[in-house]
Amino acid sequence: QFTGQMIDHYFKGVPFRRVLGQQEGVAKKPDPGQALAAAQAMGVAPAACLFLGDSAVDMETARRAGMAAVGAGWGFRPVQELREAGALRVIDHPLDLLDLLEN
């Protein structure tokens, strides 16, 4: 429910193929199930995905899913924590994702 509210507020009109958030009866991160379900919904191999997150749990989820772990340096956890947890890159701004995707 919370994820849906955030999408409605910040991304109104964006045609997401699938929006996933914490759900009763579904394993929580770092279980990779939801990340893998998102990749499958998009028809993309996990190895071709970036998993952007702002916590050590997110970095572990990415690794378990076989996705590239990218840290959000503007998140609620310290950048050092993201690096120590295995972030391949830490970006400072959401638009920095464009450079990663182009390269």
Side-chain angles (χ1 to χ4, degrees):
Q1 183 178 4
F2 178 73
T3 303
Q5 291 172 348
M6 294 298 101
I7 295 297
D8 289 344
H9 181 78
Y10 291 107
F11 300 100
K12 195 169 207 72
V14 175
F16 289 101
R17 288 191 189 177
R18 189 163 184 190
V19 175
L20 302 168
Q22 186 176 330
Q23 301 171 39
E24 192 172 319
V26 176
K28 297 178 185 177
K29 297 181 292 183
D31 183 278
Q34 291 286 68
L36 293 170
Q40 183 178 19
M42 293 183 290
V44 178
C49 293
L50 295 177
F51 189 106
L52 176 66
D54 62 358
S55 71
V57 170
D58 290 332
M59 300 304 101
E60 183 177 349
T61 303
R63 282 195 320 276
R64 288 183 176 194
M67 299 176 175
V70 178
W74 64 89
F76 79 105
R77 304 301 297 172
V79 168
Q80 187 61 31
E81 176 182 314
L82 300 173
R83 289 192 176 110
E84 289 173 0
L88 299 175
R89 289 274 302 271
V90 176
I91 59 175
D92 296 320
H93 190 277
L95 290 176
D96 293 341
L97 273 173
L98 299 176
D99 288 335
L100 288 178
L101 295 173
E102 288 176 358
N103 298 315

### Message
Going by side chain to side chain contact (heavy atoms under 4.5 Å, CB included), name the residues that satisfy it together with Ala48, two or more places apart in sequence or in a different chain.
### Response
Val44
### Query
What do you reckon, is CZ of Arg89 surrounded by more than 12 foreign heavy atoms closer than 6.0 Å?
no
#### Entry: Other residues, nucleotides, ligands: >12 heavy atoms within 6.0 Å of Phe11 CZ
no
List the atom pairs, donor and acceptor, that lie under 3.5 Å between side-chain atoms in residues 2-9 and the rest of the protein, sequence neighbours left out.
none

### Query
Are any side-chain N or O atoms of Arg64 and backbone N or O atoms of Pro32, one a donor and one an acceptor, separated by less than 3.5 Å?
no
### Same cluster (ILVMFWY, side-chain, under 4.5 Å), Leu100 and Leu52
yes
#### Entry: Distance in Å, Lys28 NZ paired with Gln22 CD, rounded so as to fall on 0.5 Å steps
4.5 Å
### Task
First locate atom CD of Gln40, then atom CZ of Arg17, and finally report the distance between them rounded to the nearest 0.5 Å.
12.5 Å
### Query
Looking at Pro46 and Ala65, what are the two nearest heavy atoms and their distance?
CB-O, 3.2 Å
### Task
Under the side chain to side chain contact (heavy atoms under 4.5 Å, CB included) rule, collect the residues that match up with Ala85, sequence neighbours excluded.
Ala56, Met59
Under 3.5 Å, side-chain donor or acceptor atoms of residues 66-80 against the rest of the protein: list the pairs with distances, not counting sequence neighbours.
from: Arg77; atom 1: NE; to: Glu81; atom 2: OE1; distance (Å): 2.9
from: Arg77; atom 1: NE; to: Glu81; atom 2: OE2; distance (Å): 3.3
from: Arg77; atom 1: NH2; to: Glu81; atom 2: OE1; distance (Å): 2.7
from: Gln80; atom 1: NE2; to: Glu84; atom 2: OE2; distance (Å): 3.1

### Query
CD1/Ile91 to CG/Leu97 distance, rounded to the nearest 0.5 angstrom?
3.5 Å
### Test side chain to side chain contact (heavy atoms under 4.5 Å, CB included) applied to Val57 - qualifying residues, sequence neighbours left out
Lys29, Pro30, Ser55, Thr61
### Query
Counting N and O atoms only, with roles assigned by atom type, does the side chain of Asp99 sit under 3.5 Å from a partner on the main chain of Asp96, one being a donor and the other an acceptor?
no
### All pairs passing salt bridge (Lys or Arg N to Asp or Glu O under 4.0 Å) where residues 34-49 contributes a residue, at least two apart
none
